Every structure is written in C-alpha cells, then in structure tokens.
Amino acid sequence: MQKNTDALQCYLVLDATVCGSEKNMLAIACAAVDAGITMIQLRMKNWSAQRCMALARQVKHLLSDRSIPLIINDDIEIALAVDAAGIHVGQQDLPPQKVRALVGSEKWLGLSISSEKELMHLPAHYIDYLGVGPIFQTASKKDAVSPIGLTTLEHIVKLVYPMPVVAIGGINRAHIQTLRKTGIRGIAVIAAICCHPNPGEATRQLVRDWRMLS
C-alpha cells in the first residue's frame, strides 16, 4: 500500500484500555470503517503477545479489501507478522532509526512528540509523520503529559513543515475548525469514537466536518 498522506485525515486509535474487549474493538473498527475512517492504529499495551496478534489479524482481515492503513503501536513483531501498513512509536520506545531498519522503507512510521524540545533530535529522515499531543486534556491515556495547546501545536507544525502532523489528545468535533487553522494534516481520536454510544455516527460526523473545511 502506497503512503498517501490523505490517510492521516481521520485517524482512529483503537486503545484496548479504553475499548475493553476484543469484541468491542472489532465492533468499533467495523463501524468506523463503514463510516469513512481513513487510518486505524491498534494500541494494546499490557496485553499478551498472543492476544495482540489475534486481534491484529482480525483487524487486518477487516481492512484487507479497503485502502485503510493498519498501524500497530510499538510492536514490530506483530506489525511484520500481520503485514500491517506501519508502526507508531513513542519517545520511550525503540528509536525510529532502528525501527526503520527493521520494517523497511515501505511501511509507515509515526513518532509521538509532546513538546518542542523533543524536536531537537528529531530523526526526520526515518519517519513519515508526527503525532503531536496531547493538545487538550484527555482521560484516554493514563500517563499522558500536560496538554500543549494550540499555540505550541501550530509552532511545531511550522518547524517540521513539510512533514505531516497529526494532532491527538482530547479532540472532538468542536475542535476541528480551530485545529485545521494550525496546518495539521489530520486528527487522531480515541474517546470521540470509542466512547461514543454510536461509533459509526461519531466517525461519520468527524470525517464530514474535517472534509467540509478542506
């Protein structure tokens, strides 16, 4: 699958802590896919390798006939085993240089940053996009740092241009118009879809709102 940065527009992070069971994660993934989500990341911290692999294979199968990249959070072995479209790592994970060497040039590689200071040693040559945040307060990630806000986000976008930036952390429909003015390439959401009583409708609204402002 070619790396089309349009896939970053509406990026669902399926977090096992937020979603709970495999059944819930699959149901949310199905609803989001049918409603137009453009990228899915599986984040399954503290799950066994066997459990992670089983779910990753099911989501990969779900996406097999669709142009929606599957990204695996911080697990190269699973990403390679299911032939995922890519991998996303954080500051405490294996360095992007080493990840790139292991996964090759064709897979997506995303990196999370939460401050301008982390740009000082940015391995830009090895990564395809930045996940920047949290922008707003979020309860989806227990170890999240303090929100960086819109001004810092906009500054980071300008500093790393033309590298695409995806904003994450506490994002919902009400933020889209303001976020788009910062120059980001897309939004990544967890609770706005996973905790919504109708994940499909929530996805549809986010995708529609994002594209209306294109």
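What you see is a predicted model; the values in this text were computed from it and never measured.
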Report summary line: Here the gap from S115 atom OG to I156 atom CD1, rounded to the nearest 0.5 Å, amounts to 7.0 Å

Report task. Look up atom CG in L55 and atom CG in L42, then write down how far apart they are to the nearest 0.5 Å. Result -> 5.5 Å

Requested in this report: Kindly say whether V82 contributes a backbone atom to a donor-acceptor pair with the side chain of R57 at under 3.5 angstrom?
Outcome: no

Requested in this report: Determine the minimum heavy-atom distance between V160 and L122, stating which atoms define it.
Outcome: CG1-CD2, 4.1 Å

Query raised in the report: Only one of Q92, K45, H88 clears side-chain hydrogen bond (donor to acceptor under 3.5 Å, both in side chains) with D74; which?
Result: K45

**Report entry** Check: D34 side chain, A31 main-chain N or O, donor-acceptor pair, under 3.5 Å
**Finding:** no

Query - Test item: D128 side-chain N/O and L109 main-chain N/O as donor-acceptor pair under 3.5 Å - result: yes

Report task. Return yes if some donor-acceptor pair links the side-chain N/O of R185 with the main-chain N/O of L8 below 3.5 Å, else return no. Result -> no

Requested in this report: For residues M53 and D75, determine if any side-chain heavy atom of one lies less than 4.5 Å from a side-chain heavy atom of the other.
Outcome: no

**Report entry** Exam field: side chain K60 to backbone D83, donor-acceptor pair closer than 3.5 Å
**Finding:** yes

Query raised in the report: How far does CD of Q91 sit from CG of L111, to the nearest 0.5 angstrom?
Result: 5.0 Å

Query raised in the report: Which heavy-atom pair separates N24 from C19 by the least distance, and what is that distance?
Result: ND2-O, 3.0 Å

Query raised in the report: What distance do R208 atom CZ and Q205 atom CD have between them, rounded to the nearest 0.5 Å?
Result: 5.5 Å

Query raised in the report: Sub-3.5 Å donor-acceptor pair from the side chain of R100 to the main-chain atoms of G104, do we have one?
Result: yes

Requested in this report: Return the orientation label for the W108 and Y129 ring planes: parallel under 30°, perpendicular over 60°, tilted otherwise.
Outcome: perpendicular

Query raised in the report: Do the non-hydrogen side-chain atoms of I148 and I135 ever get within less than 4.5 Å of each other?
Result: yes

Report summary line: So CD1 of I87 and CG of L80: to nearest 0.5 Å the spacing works out to 7.5 Å

**Report entry** 4.5 Å side-chain heavy-atom contact, P199 and L12
**Finding:** no

Query raised in the report: Given the rule that I, L, V, M, F, W and Y join up when any side-chain heavy atoms are under 4.5 Å apart, are L70 and V207 in one cluster?
Result: no

Query - Contact summary for A7 and M39, nearest pair of heavy atoms - result: O-CB, 3.2 Å

Query raised in the report: Between L94 and V99, which heavy-atom pair has the shortest distance, and what is it?
Result: O-CG2, 3.5 Å

Query raised in the report: Can you name the closest pair of heavy atoms from K107 and K3 and give their distance?
Result: O-NZ, 3.1 Å

Requested in this report: In sequence, state the C-alpha distance, the side-chain angles, and the governing distance for C194 and D15, and then conclude on side chain to side chain contact (heavy atoms under 4.5 Å, CB included).
Outcome: CA-CA 8 Å; C194 299; D15 188 294; over 6 Å; no

Query raised in the report: Backbone N or O of G183 within a donor-acceptor pair of the E154 side chain at under 3.5 Å?
Result: no

Query raised in the report: Do L153 and L179 have side chains that get closer than 4.5 Å, going by heavy atoms?
Result: yes

**Report entry** Residue pair L206 / V189: nearest heavy atoms and the distance that separates them
**Finding:** CD1-CG2, 4.0 Å

Query raised in the report: Rounded to the nearest 0.5 Å, how far does CZ of F136 lie from CD1 of I171?
Result: 6.5 Å

Query raised in the report: Given the rule in the side chain to side chain contact (heavy atoms under 4.5 Å, CB included) test, do T38 and D6 qualify, once you have shown the distances and angles that lead to the verdict?
Result: CA-CA 8 Å; T38 57; D6 286 347; over 6 Å; no

Report task. For residues E22 and M25, determine if any side-chain heavy atom of one lies less than 4.5 Å from a side-chain heavy atom of the other. Result -> no

Query raised in the report: In this structure, are over 12 heavy atoms from other groups packed under 6.0 Å from Q97 atom CD?
Result: yes

Query raised in the report: Any side-chain heavy atom of C195 within less than 4.5 Å of one from V18?
Result: yes

Query raised in the report: With side chains defined as the heavy atoms from C-beta onward, is the minimum distance between L130 and L119 less than 4.5 Å?
Result: yes

Query raised in the report: Does a sphere of radius 6.0 Å around CD in E77 hold more than 12 heavy atoms from other residues, nucleotides or ligands, not counting ones at 6.0 Å or beyond?
Result: no

Report task. Check the surroundings of atom CG in N4: do more than 12 heavy atoms from other residues, nucleotides or ligands lie under 6.0 Å from it? Result -> yes

Query raised in the report: Side chains of I193 and H196: does their closest heavy-atom pair fall under 4.5 Å?
Result: no

